[in-house]
**Q** 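Structure incoming, see below.
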Amino acid sequence: MLTAYDASFASVIDQAGVDIVLVGDSLGMVIQGHDSTIPVSVDDVLYHTQCVSKVCQRAMVMADMPFMSFRDVPLALENATRFLQEGGASAVKLEGGGHVLPVVEALAKYGIPVCAHLGLQPQYVNKLGGYRVQGRDKGAARHMLHEAKIMQESGADMLLLECIPSDLASEISQSLSIPTIGIGAGQHCDAQVLVLYDLLGISFGKVPKFAKDFLAESDSIQAAVAAYVKDVKSGVFPAAEHTFN
Ligand code: KIV
């Protein structure tokens with residue numbers, strides 16, 4: 001999985017063999033220049049999902065449900081429906097723990113594939129006070145494992161795990177039958193995701209530990225994305241230096 005927000009990059013990613021293109025609310029930072037994902041609206045994600053889905057021929061397009069866009073079941077159904085009907089997405093992703101289970105359940109019931117998102121949840125930055133590794137203490141790790149299981153039971157089709165210790169990601173991945181997708185969660189997840197601009201080495205601000213500039217070792221953007229696909233599939237990426245313990 002890789003993020004994209006426009007047709008040109010989405011087309012490169014699609015052709016390179018990435019399985020899922022995520023129109024992430026990270027667009028608030030990498031496209032709009034905000035310092036968090038909080039200002040991103042449903043219309044913003046919808047617009048970028050339309051741009052991306054027009055050109056994706058083989059990859060699944062997943063739209064990220066922005067802050068407060070799924071705060072109750074009717075609103076979540078309405079917004080997810082827009083991402084599928086107007087945006088051309090085939091799935092949605094949403095952050096949150098136990099309190100979003102009714103939303104996951106309702107989306108699943110109505111045939112909307114859902115990727116849950118545990119670990120570091122950037123929409124909670126104002127509560128967390130920053131972007132930090134999650135699940136390091138025993139209690140938090142047990143709680144996350146429990147939430148992962150109930151997400152699956154409620155109908156989630158995939159689970160994204162962001163910035164958690166590699167051993168915890170491994171335990172969660174082994175406990176679930178749905179695929180896990182890691183970012184800063186080590187090499188034992190079933191799949192990996194990166195923000196495209198981190199892969200191209202053009203992220204501004206602090207470069208996260210889990211990011212790798214694939215363009216530095218490639219002679220084109222196409223080759224950099226292809227190298228990411230190859231290294232994820234062969235287990236070369238993420239390496240120990242991209243992983244939290
Ligand atoms: O919005 C985003 O880009 C994300 C990342 C974790 C991939 O959710």
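Keep in mind the model is a prediction, meaning the values are calculated, not measured. All ligand and atom numbering here is 1-based and tracks the order in the structure. Residue numbers start at 1 and run along the sequence shown.
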**Q** With a 4.0 Å heavy-atom cut-off (strictly under), which part of L27 contacts ligand 1: side chain, backbone, both or neither?
**A** neither
**Q** Same hydrophobic cluster for V207 and F210, using side-chain heavy-atom links shorter than 4.5 Å among ILVMFWY?
**A** no
**Q** Considering the heavy atoms of V195, write down every atom of ligand 1 situated less than 4.0 Å from one of them.
**A** 3 (O)
**Q** Record the part of M1 in heavy-atom contact with ligand 1 below 4.0 Å; permitted values are side chain, backbone, both and neither.
**A** neither
**Q** Within the 4.0 Å heavy-atom shell around G24, which atoms of ligand 1 are there?
**A** 1 (O), 2 (C), 3 (O)
**Q** Can you tell whether the side chains of D19 and R58 come within less than 4.0 Å, N to carboxylate O?
**A** yes
**Q** Could you tell me which atoms of ligand 1, counted from 1 in the order shown, lie closer than 4.0 angstrom to a heavy atom of V193?
**A** 7 (C)
**Q** Please write down residue, atom name and distance for the protein heavy atom closest to atom 3 (O) of ligand 1.
**A** S26 OG, 2.5 Å
**Q** To which protein heavy atom is atom 6 (C) of ligand 1 closest, and what is the distance rounded to 0.1 Å?
**A** E162 OE1, 3.3 Å
**Q** Is there a polar contact, in the sense of an N or O pair closer than 3.5 Å, between T3 and ligand 1?
**A** no
**Q** Report the nearest protein non-hydrogen atom to atom 8 (O) of ligand 1: residue, atom name, distance rounded to 0.1 Å.
**A** K93 NZ, 3.0 Å
**Q** Of the backbone atoms (N, CA, C, O) and the side-chain heavy atoms from C-beta on, which set of D25 has a member under 4.0 Å from an atom of ligand 1: side chain, backbone, both, or neither?
**A** both
**Q** Flag the pair R142 and E147 as a salt bridge only when some basic side-chain nitrogen lies within less than 4.0 angstrom of an acidic carboxylate oxygen.
**A** no
**Q** Checking S41 against D44: is there a side-chain donor and acceptor pair closer than 3.5 Å?
**A** yes
**Q** Measure the CG-CG distance between L194 and L200 for me, rounded to the nearest 0.5 Å.
**A** 10.0 Å
**Q** Quick one: which of V23, L22, L84 gives a side-chain contact (heavy atoms from CB on, under 4.5 Å) with V61?
**A** V23
**Q** Go through the steps to decide whether S203 and D198 satisfy the test side chain to side chain donor-acceptor pair (under 3.5 Å), and finish with yes or no.
**A** CA-CA 5 Å; S203 6; D198 287 340; 2.6 Å; yes
**Q** Is ligand 1 under 4.0 Å from a heavy atom in the side chain of L22, in the backbone, in both, or in neither?
**A** side chain
**Q** Checking S11 side chain against S8 main chain: does a donor-acceptor pair fall under 3.5 Å?
**A** no
